[in-house]
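For reference, the structure discussed in these notes is given below.
Computation of the quantities below employed the complete heavy-atom set of this structure, encompassing side-chain atoms and omitting hydrogens, waters and symmetry-equivalent molecules. Each chain gets a letter, A, B and so on, in the order the sequences are listed, and its residues count up from 1. As the structure is a computational prediction, the values presented were derived from the model and not from experiment.
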Amino acid sequence: MSLPLLENLNPEQRAAVTLPHESALILAGAGSGKTRVLTTRMVWLIQTSQVSPLGVLAVTFTNKAAKEMLTRVSAMLPINTRGMWVGTFHGLANRLLRTHYREAGLPQSFQILDSQDQLSAIKRLMKSLNVDSEKFEPKKVQWFINSHKEAGRRAHDVEAYDDYSTRMAELYEAYDAQCQREGVADFPELLLRAYELLYRNEPLRQHYQDRFRHILVDEFQDTNSLQYRWLKLFAGPRTAIFAVGDDDQSIYAFRGANTANMAEFEREFAHGNVIKLEQNYRSHGNILTAANTLISQNAHRLGKNLWTAEGEGEPIRIFDAYSDQDEASFVVDEVRALNRDGVSLSDMALLYRSNAQSRVLEHALFSAGVPYRVYGGLRFFERQEVKHALAYLRLLTNPEDDGAFLRVVNFPTRGIGARTLEQLAESAARSGASLWQAACTSSGKMASFAKLIEDIKQATHGLSLPDAIDHVIEASGLADYYRADKDGADRLENLNELVNAATLFAEESDEGTLDAFLAHAALEAGEHQAIAGHDALQLMTVHAAKGLEFHAVFITGLEEGLFPHEQSAHEENGLEEERRLMYVAITRARRRLYLSHAQSRMLHGQIRYGIPSRFLAELPEQVLLHLNRRAEPALSSGYGAPASAPAPRPAQSGNETGFTLGQSVIHPKFGTGIIIDFEGRGPDARVLVKFRDAGTKLLALAYARLSPA
DNA sequence: GCGTGACATTTTTTT
DNA sequence: AATGTCACGC
């Protein structure tokens with residue numbers, strides 16, 4: 001069996017690709033050729049006629065990964081990939097529900113709510129039910145609903161144990177009723193609906209189970225409980241599931257990803273049929289040593305150790321900065337030096353834990369004239385002007401959509417205010433009709449709005465998708481509104497871009513319908529920042545860096561409370577997730593890795609003093625190079641640890657409190673503890689102390705009787 | 001209906 | 001610091 005396809009694969013990769021028709025778990029470490037194995041497996045199955053292209057179901061986590069897979073497959077195989085079921089969980093669920101909308105109990109042109117839309121739907125519902133949004137925060141309600149849906153529970157399945165949860169469950173029920181009435185579905189609803197559809201409809205289930213002989217899952221560690229159950233439902237007795245994942249790279253537990261799925265899958269399906277891909281083709285030895293050492297301190301692992309055939313390479317450079325600005329200028333200098341040595345800017349990444357950290361870095365880069373690109377922030381289809389335009393379109397195709405109605409009824413302003421809308425809502429509720437229906441039988445300004453929409457509907461009938469959208473933008477008054485606005489130029493351009501996006505969509509997809517385009521807009525929010533442009537340094541959060549690789553990587557802000565994030569201390573296994581995050585960050589680097597931390601940092605408008613992240617201490621000293629290991633900072637106060645003291649180091653000096661970070665203290669009431677942070681100055685100075693028994697407390701130094709231990 | 005100022009809030013992110 | 005949310009007054 002010497003297919004050219006299988007050349008250049010290592011033995012483990014080859015074994016994974018050519019596995020017989022049975023379920024298996026592939027533990028694929030960072031940089032071990034995961035995507036390659038997945039796509040080659042798919043091609044191999046088809047090429048050796050073990051399955052037809054339509055008998056394969058391949059699920060990924062992001063649209064990008066799905067696209068990548070299709071591109072690679074069609075590069076290896078001369079087949080039309082269009083009819084193949086390759087996509088994200090949500091994309092495939094959408095496909096299933098569109099095909100069987102009647103059986104699923106949905107209108108043909110049901111609309112998809114993104115998280116924003118969902119939140120405003122919840123707020124609207126709570127308002128109509130007169131629920132106190134102080135007592136029940138809409139965000140929490142959203143979280144409640146989504147996490148139950150993601151666990152496969154409907155409102156009546158929720159076990160309420162007190163008044164609060166009873167009320168939450170009632171809201172969940174009412175929310176679902178509202179969505180049903182309006183013909184809309186939120187993200188988790190897509191999955192749950194699709195799941196219920198197959199669960200209840202045996203012929204349909206049989207059909208799909210017979211059809212899909214092979215299911216391939218990417219990033220399996222990121223699946224939540226519902227997604228796993230979804231896979232199990234699609235898998236018939238003769239279906240093999242090929243799941244690829246890396247438990248060490250699970251960084252989405254905070255949104256429901258369940259790593260336990262991997263162990264469960266091994267038990268339920270793979271039966272010990274596990275292949276580990278541990279050879280790393282990306283990084284030099286020292287970088288892998290650091291990553292391996294760090295991650296080995298996590299208790300809950302399936303176990304895996306990366307190795308490389310490459311040499312040790314360079315040591316990992318540690319920089320100890322006085323301040324965030326000092327850190328930024330260090331990065332600027334190093335980036336320039338590397339660039340001079342021939343490393344292109346786009347092959348370097350500047351990573352941070354949270355988006356707020358980018359500003360100081362951007363400022364320094366900008367001043368120094370280093371081109372950079374920031375990933376993150378608002379995405380194309382999430383921009384307000386685009387959402388407005390989409391809401392008009394939604395209303396055209398689904399008049400029951402009250403959310404869309406409310407979004408545009410008075411934008412641009414047409415003199416329809418809260419009072420008028422209240423009356424409309426009342427009359428709609430009385431007759432059990434949608435706001436749109438009620439508006440059609442109104443008079444005055446509301447009637448002219450109804451007429452406007454009706455006219456647009458007439459005028460766009462028969463137009464191509466981009467022409468229709470263009471018409472909507474003009475006729476709705478959106479274009480005029482932004483033309484009149486002095487800051488509206490960008491927004492106008494984005495509306496133009498929306499028409500372009502529609503043109504592209506109509507060309508690429510097989511069905512250029514408005515419904516399909518709206519689903520596309522909801523499911524694929526678009527690039528974070530479209531301009532691919534010139535050679536530029538890449539700035540992004542560690543989360544956003546997953547799956548990418550760079551010649552040189554800077555990981556900044558390695559301070560306690562920032563990375564690991566302080567929030568993680570309050571979550572179950574939060575620290576382990578942070579450590580995995582750090583692991584992901586380290587393994588992005590091919591050749592050179594910089595780790596930096598700052599002793600002081602501007603955070604939320606205040607200067608905060610931080611101590612170096614524990615993750616730095618968890619790295620093996622022999623692979624590190626301290627660029628500026630200083631003698632202890634000059635301690636003007638005369639307090640603090642002796643100069644030779646190892647960690648915890650006093651991370652700041654002379655802050656007039658008489659205490660240092662990491663110092664042990666005694667409080668008459670709370671007992672012994674350690675100072676972990678300072679806040680404020682002078683008479684307002686406060687310290688954050690982590691007590692051995694009494695938890696963490698913020699104490700005002702002027703009052704607390706704190707003494708050194 | 002709309003603009004203004006007070007007020008809180010502040011992880012990570014996809015779909 | 002920066003941004004969003006909300007109540008209030010015109």
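Going from atom NZ of Lys546(A) over to atom P of dT12(B) covers 17 Å, rounded to whole Å. Rounded to whole Å, atom P of dT13(B) lies 12 Å from atom CD of Glu577(A). One interatomic measurement links the two molecules: NZ of Lys127(A) to C1' of dA7(C), which rounds to 11 Å at whole-angstrom precision. The interatomic distance linking Gln118(A) (CD) with dT15(B) (P) rounds to 16 Å, in whole Å. When the C1' atom of dT15(B) is taken as reference, atom NZ of Lys149(A) falls 13 Å away, rounded to whole Å. Distance Asp485(A) CG to dG3(B) P: 10 Å, rounded to the nearest Å. A straight line from CZ of Arg353(A) to C1' of dT13(B) spans 11 Å, rounded to a whole angstrom. Here dA1(C) presents its P atom at 13 Å from CG of Asp324(A), a figure rounded to the nearest Å.
Considering only the side chain of Arg379(A), dT14(B) comes nearest among dT11(B), dT14(B), dT13(B). Side-chain atoms of Ser115(A) lie closest to dT15(B) of the nucleotides dT12(B), dT15(B), dA1(C). For His604(A), the side-chain atoms get nearest to dT10(B) when compared with the rest of dT15(B), dA2(C), dT10(B). Closest to the side chain of Thr413(A), from the set dT12(B), dC2(B), dT11(B), is dC2(B). With dT15(B), dT11(B), dA1(C) as the choices, the nucleotide that has an atom nearest any side-chain atom of Arg359(A) turns out to be dA1(C). Distance from the side chain of Leu523(A) is smallest for dT15(B) among the nucleotides dT11(B), dT13(B), dT15(B). Here the side chain of His565(A) is nearest to one of dT13(B), dT11(B), dT15(B), namely dT11(B).
Residue side chain Ser354(A) does not reach the base of dT10(B) through any donor-acceptor N/O pair under 3.5 Å, judged by distance alone.
When heavy atoms are screened at a 4.0 angstrom cut-off, Thr60(A) is found touching no nucleic acid atom at all. Contact annotation for Asn410(A): backbone-only contact, meaning every heavy-atom pair under 4.0 Å involves sugar-phosphate atoms and none involves a base. At the heavy-atom level, Leu581(A) lies nowhere under 4.0 Å from the strands shown. Residue contacts shown for Glu571(A) include a base, since a base heavy atom lies under 4.0 Å away. Residue contacts for Ala93(A): at a heavy-atom cut-off of 4.0 Å it reaches no nucleic acid atom on any strand shown. Residue contacts for Asp114(A): at a heavy-atom cut-off of 4.0 Å it reaches no nucleic acid atom on any strand shown.
Taking only side-chain nitrogens and oxygens, Arg255(A) never comes nearer than 4.0 Å to OP1 or OP2 of dT15(B). Contact between the side-chain N/O atoms of Asn355(A) and the OP1/OP2 oxygens of dT13(B) is found at a separation under 4.0 Å. The shortest distance between the side-chain N/O atoms of Thr541(A) and the OP1/OP2 oxygens of dT11(B) is not below 4.0 Å.
Between the side chain of Ser442(A) and the backbone N or O of Ala438(A), at least one donor-acceptor pair lies under 3.5 Å. Gln227(A) places a side-chain N or O within donor-acceptor distance of the main-chain N or O of Asn224(A), the cut-off being under 3.5 Å. A donor-acceptor pair under 3.5 Å is formed between the side chain of Glu559(A) and the backbone N or O of Ala598(A).
The cationic group of Arg124(A) does not satisfy the cation-pi geometry with Tyr175(A), failing either the under 6.0 Å distance to the six-membered ring centre or the 45° limit from the ring axis.
A salt bridge links Glu422(A) and Arg419(A); the closest N-O separation between the charged side-chain nitrogens and carboxylate oxygens is under 4.0 Å. The pair Arg353(A)-Glu578(A) meets the salt-bridge criterion, since a charged nitrogen lies less than 4.0 angstrom from a carboxylate oxygen.
Shown here is Lys232(A), whose NZ atom has more than 12 heavy atoms of other residues, nucleotides or ligands within 6.0 Å.
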Toss me the dot-bracket line for DNA chain B: Watson-Crick and G-U wobble, both under 3.5 Å, 5' to 3', using | for pairs to another strand and [ ] for crossers. ||||||||||.....
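A residue-by-residue look at Gln567(A) and Gly91(A) shows that Gln567(A) has its nearest nucleotide of DNA chain B further toward the 5' end. If you find the closest nucleotide of DNA chain B to Ser568(A) and to Lys445(A), the one lying nearer the 5' end belongs to Lys445(A).
Using cut-offs of 30° and 60° for the angle between ring planes, the Phe254(A) and His543(A) rings count as perpendicular.
Shown here are the side-chain hydrogen bond (donor to acceptor under 3.5 Å, both in side chains) partners of Asn398(A), two or more places apart in sequence or in another chain: there are none.
For Phe254(A) and dT12(B), the ring-to-base geometry satisfies the stacking test (centroid distance below 5.5 Å, interplanar angle below 30°).
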